[in-house]
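To keep things clear, I will list the structure first and then write my remarks on it.
Just so we're on the same page: letters track the sequence lines, and every chain starts at 1. Because the structure is predicted, anything quoted here is derived from the model rather than measured. Note that these values count all heavy atoms, side chains included, but never hydrogens, waters or copies made by symmetry.
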2 protein chains.
Amino acid sequence: MKRKTRKEILYEEAAQLFMEKGYPASSVRELADRVGIEPSSIYSHVKSKEELLVKICMDTAYYFSEGMNEIETSDKNPIESIHILIDLHINAVRVLPASVTVFTDEWKHLPANAKAEFIDIRNKYQGQWLHILQEGIKQGQLKEVNPMVMRDTILSSLRWVHYISDKKDLKKLKRTSAEIKSLLLEGIQA
Amino acid sequence: MKRKTRKEILYEEAAQLFMEKGYPASSVRELADRVGIEPSSIYSHVKSKEELLVKICMDTAYYFSEGMNEIETSDKNPIESIHILIDLHINAVRVLPASVTVFTDEWKHLPANAKAEFIDIRNKYQGQWLHILQEGIKQGQLKEVNPMVMRDTILSSLRWVHYISDKKDLKKLKRTSAEIKSLLLEGIQA
DNA sequence: GTCTATAACTTGATAGAC
DNA sequence: GTCTATCAAGTTATAGAC
């Protein structure tokens, strides 16, 4: 386990703060307070408060898009791909819960440039999801339903996992993960 | 159709603004601009910016809790109840899309008193969901899965419906609603 | 890299004329 | 009920000493 640099700590505390209060309601003063330095010292490490948001959101966006690209270049079938993608989400929440929450809830506060890039990445990711689902429908593995409704239902249903309490409890997380997959693939009915 | 009072217009515009920018990033100045009056005139209608948030969140919270209470006092079986509750969500999005979004995303910015009340209502609502699902599991209609995971997956999956584009197109909305129910009850697999 | 001091600005809200 | 004028407080960010 590598020792964390001050800058890394800063990003982690920023993600935590932005998650708790939302980006606009988070002040540089409070962030400094949590890190244990004076507000102005923040600017020895980052150019602006916005820079923190940009890095948190973009790193997470690239995490998801890279995971998706790996699937695309493999030859997994749609059902296998869906399993891997759900694991990707749950694993992200396990490793970087605050970043994922900020990525999900605060991206709209990104500055124009970063926001455009973010939306591009997201659109591509969602397009890749769509393609997988369409393929699954065509192959008869997935139900004949509007694939966009299917995709948005899946992605939305994965959003609450930020709030799983015991993210360190790997065994419990694995069980929850299996249950979520079962619910999405086979539904809630017995 | 009753003519809207200035105050009603103010609440609607506030909900719209809070949805677009988030509550902390929304300024009284911009709200006044959208309504077409000077910032100070806002205070002839409401006591504070917070009051707007409180009313938007609480009205929506009571809409859901009342819908749930009606189900509880009826004698619907679990599956019927779930259908009605999903309809309740989709209908809310149809009628008051901005309010539902603010209710979902901005409640954490409520002042302490209102927030406590909000959380109470939400906890009760979620508890009632849990009870319905537990009953469904006991009766063998629902799958043997952690009912909290089941509930959170369902509620989370309903959150994206704010973003349905054609909320006025009743026919399309009805089709989407049927598809969502099918996905949740029977899963995405064919 | 951290500090103190402060600039430059935006915020929610009020006072008082009309 | 709406306006103009303004306040008090909070914001991000910078300058310059150490």
At under 4.0 Å between heavy atoms, what does A:Ser48 touch on the DNA or RNA strands: base, sugar-phosphate, or nothing?
-> sugar-phosphate
Side chain to side chain, A:Thr5 and A:Glu8, heavy atoms closer than 4.5 Å = yes
Would you check if B:Ile42 and B:Leu10 make a side-chain contact, meaning some heavy-atom pair closer than 4.5 Å?
-> yes
Neighbours of DNA chain D within residues 109-116 of chain A, by heavy-atom distance under 4.0 Å = none
Scan residues 23-36 of chain A against DNA chain D and write down, sorted by residue number, each residue with any heavy atom closer than 4.0 Å; if none is found, say none.
-> A:Ser26, A:Ser27, A:Val28, A:Arg29
Single hit among B:Met68, B:Glu80, B:Glu72 for side chain to side chain contact (heavy atoms under 4.5 Å, CB included) with B:Ile132 | B:Met68
Can we call the ring centroids of A:Tyr63 and A:Phe103 under 6.0 Å apart?
-> no
Tell me: [atom1] of [X] to [atom2] of [N], nearest whole Å?
{"X": "B:Glu38", "N": "C:dA15", "atom1": "CD", "atom2": "P", "value": "19 Å"}
{"X": "B:Leu52", "N": "C:dG12", "atom1": "CG", "atom2": "P", "value": "11 Å"}
{"X": "B:Lys47", "N": "C:dG12", "atom1": "NZ", "atom2": "C1'", "value": "13 Å"}

Without swapping roles, check the side chain of A:Asn146 against the backbone of A:Met148 for a donor-acceptor pair under 3.5 Å.
-> yes
Side chain of B:Ser157, backbone of B:Ile154: donor and acceptor closer than 3.5 Å?
-> yes
Go through the structure and list residues passing side chain to side chain contact (heavy atoms under 4.5 Å, CB included) with A:Ser165, not counting sequence neighbours.
-> A:Lys172
Looking at residues at least two apart in the chain, or sitting in another chain, which of them share a salt bridge (Lys or Arg N to Asp or Glu O under 4.0 Å) with A:Lys143?
-> B:Glu186
B:Asn69 and B:Gln128: CA distance, side-chain angles, deciding distance, side-chain hydrogen bond (donor to acceptor under 3.5 Å, both in side chains) verdict | CA-CA 9 Å; B:Asn69 287 339; B:Gln128 287 166 308; 3.0 Å; yes
Applying ring pair (Phe, Tyr, Trp, His ring centres under 6.0 Å), name anything that partners B:His89, two or more places apart in sequence or on another chain.
-> B:Phe64
At the 4.0 Å heavy-atom cut-off to chain B, mark where contacts on DNA chain D begin and end, going 5' to 3'.
-> D:dT2 to D:dT4
